[in-house]
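Each remark here refers to the structure printed beneath this line.
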Amino acid sequence: MAKLLIVDDDRALVTMLQTHFEIKQFEILTAENGEEALEKLKYQPDLILLDINMPRMDGLSLCRLIRDKMSCPILFLTAKADEDDRVGGLLSGGDDYITKPFSLKELDARITAHLKREQRHSLPSSCRFQDELIIDYTAKTAQIAGRFLELTKAEYGIIEFLSLNPGIVFDRERIYERVCGYDADGDSRVITELIRRIRNKFRAFTKTEYIETVWGMGYRWAK
């Protein structure tokens, strides 16, 4: 039984979602603010539904705090849908977003997709050894010269996707779709910023360029 944490100050919405997902055999945890949400993390939710606009602590700030503690999927619930909100959500460590008012059918599909993706990641896998870099696909970590990189979930997702397909060029939209899981056009601004951050983290420990830019086409993992 999957465990969902719903964080939203709209009590009517939380009650509706709780009833809906309990019928579908989910175990439900709820919180009305950031402090309550952080307290509920001790129950180890499998996925978090997180409202962006909440009093005292907004969802983006809360997401960054959650990412310091756990890596489960975080889906933002938001009344906004502009590019800055999508970018901000991903860069704060979120995995997906859905705009209010939303279809329960679409929300079900997104939650199912993210939970299945988590299950695939938990399957036994192997490590990639390349020069000073070690990527552990089971633990979802990367280290260079014995030093672990502090990566957001989206940053690690890009490293995993590209490194499992070395030498193949992927455009920003394709990377966005595979890593972020959206059923929509890719957001090149997000991917550009995430790859810039990944490169900076690599460069703190090595001069090797693992991610190459193919101008006018996209990015590839260096063989």
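Bear in mind that the values here come from a model prediction, so they are computed numbers and not experimental data.
- In this structure, NZ in K24 is found 10.0 Å from CD1 in I111, a value given to the nearest 0.5 Å.
- Atom CE of M217 has 12 or fewer neighbouring heavy atoms from other residues, nucleotides or ligands inside a 6.0 Å radius.
- Take E209 and apply the side chain to side chain donor-acceptor pair (under 3.5 Å) test, not counting sequence neighbours, and it matches R203.
- Shortest non-hydrogen contact noted between K3 and Y43 is NZ-O, 2.7 Å.
- A salt bridge does not link R56 with D9: none of the charged nitrogens is closer than 4.0 Å to a carboxylate oxygen.
- Contact detail for P45 and I48: the closest heavy-atom pair is CG-CG1, 4.1 Å.
- Using a 4.5 Å cut-off on side-chain heavy atoms (C-beta onward), T208 and L133 make no contact.
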(message) For a side-chain contact (heavy atoms from CB on, under 4.5 Å) check, start with the C-alpha distance between I168 and R220, then their side-chain angles and the critical distance, and finish with the verdict.
(response) CA-CA 6 Å; I168 301 175; R220 70 183 170 202; 5.9 Å; no
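- Within the 4.5 Å cutoff, no side-chain heavy atoms of I74 are placed close to those of D96.
- Ion pairing of R128 with D136 is absent here, as no side-chain N (NZ or NE/NH1/NH2) approaches a carboxylate O to less than 4.0 Å.
- Pairing each heavy atom of A37 with each of L62, the nearest pair is CB-CD2, 3.8 Å.
- Linking ILVMFWY residues whenever their side-chain heavy atoms come closer than 4.5 Å, directly or via other members, leaves V169 and Y210 in distinct clusters.
- No side-chain donor-acceptor contact under 3.5 Å links K40 to the backbone of L29.
- Residues Y156 and S71 bring no donor and acceptor atom of their side chains to less than 3.5 Å of each other.
- Going from atom CG of L151 over to atom CD of E160 covers 11.5 Å, rounded to the nearest 0.5 Å.
- Between T30 and E36, every side-chain heavy-atom pair lies at or beyond the 4.5 Å cut-off.
- Between the CG atom in L115 and the CG atom in L4 there is a gap of 7.0 Å [rounded to 0.5 Å].
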(message) Apply side-chain hydrogen bond (donor to acceptor under 3.5 Å, both in side chains) to residues W221 and E212 and explain how you reach the verdict.
(response) CA-CA 6 Å; W221 190 266; E212 300 175 340; over 6 Å; no
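- For the pair T15 (side chain) and R11 (backbone), a donor-acceptor distance under 3.5 Å is present.
- Here the closest non-hydrogen pair linking C72 and D46 is CB-O, 3.4 Å.
- Distance check, rounded to the nearest 0.5 Å: CD of E27 to CD of Q25 gives 11.5 Å.
- There is no path of hydrophobic side-chain contacts, each under 4.5 Å, that joins F202 to F148.
- Between R110 and E106 there is a salt bridge, with a side-chain nitrogen of the basic residue lying less than 4.0 Å from a carboxylate oxygen of the acidic one.
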(message) Working note: I211 + R199, criterion side-chain contact (heavy atoms from CB on, under 4.5 Å); need CA distance, chi angles, decisive distance, verdict.
(response) CA-CA 8 Å; I211 299 177; R199 284 171 165 165; 4.1 Å; yes
(request) Go through the steps for T152 and R67 under the test side-chain hydrogen bond (donor to acceptor under 3.5 Å, both in side chains), then give the verdict. (result) CA-CA 8 Å; T152 67; R67 278 291 171 250; over 6 Å; no
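- Of all heavy-atom pairs spanning I134 and C127, the tightest one is CG2-CB, 4.4 Å.
- Annotation: the span from L49 atom CG to L77 atom CG amounts to 5.0 Å, rounded to 0.5 Å.
- Between F26 and F21, the gap from one ring centroid to the other is short of 6.0 Å.
- Under 3.5 Å, the side chains of D95 and H114 contain no donor-acceptor pair of N or O atoms.
- Paired with L50 under the rule side-chain contact (heavy atoms from CB on, under 4.5 Å), one option of L75, L60, V7 passes, and it is V7.
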(request) Decide yes or no on side-chain contact (heavy atoms from CB on, under 4.5 Å) for I28 and L5, but give the supporting numbers first. (result) CA-CA 6 Å; I28 303 301; L5 171 58; over 6 Å; no
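- Alongside W215, the hydrophobic cluster contains no other residue (criterion: ILVMFWY side chains under 4.5 Å).
- In terms of heavy-atom proximity, K100 sits nearest to D51 at NZ-OD1, 3.2 Å.
- The same ILVMFWY cluster, assembled from side-chain heavy atoms under 4.5 Å apart, contains both I195 and L164.
- Atom CD1 of I158 is separated from atom NZ of K153 by 13.5 Å, given to the nearest 0.5 angstrom.
- The pair D58-R64 fails the salt-bridge criterion, with no side-chain N (NZ, NE, NH1 or NH2) lying under 4.0 Å from an Asp/Glu carboxylate O.
- V214 and L194 fall into different hydrophobic clusters, where Ile, Leu, Val, Met, Phe, Trp and Tyr residues are linked whenever their side-chain heavy atoms come under 4.5 Å apart, directly or through other members.
- A ring-centre distance under 6.0 Å is not found for F170 and Y219.
- Salt-bridge annotation for K201 and E150: absent, with no side-chain N of the basic residue lying under 4.0 Å from a carboxylate O of the acidic one.
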(request) Please test L65 against M57 for side-chain contact (heavy atoms from CB on, under 4.5 Å), starting from the C-alpha separation and ending with a verdict. (result) CA-CA 11 Å; L65 291 175; M57 184 187 302; 3.9 Å; yes
(request) I would like to know whether T206 and R147 meet side-chain hydrogen bond (donor to acceptor under 3.5 Å, both in side chains); could you show each step before the answer? (result) CA-CA 11 Å; T206 181; R147 299 182 181 182; over 6 Å; no
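- Between the side chain of T112 and the main chain of A109, no donor-acceptor pair closer than 3.5 Å is present.
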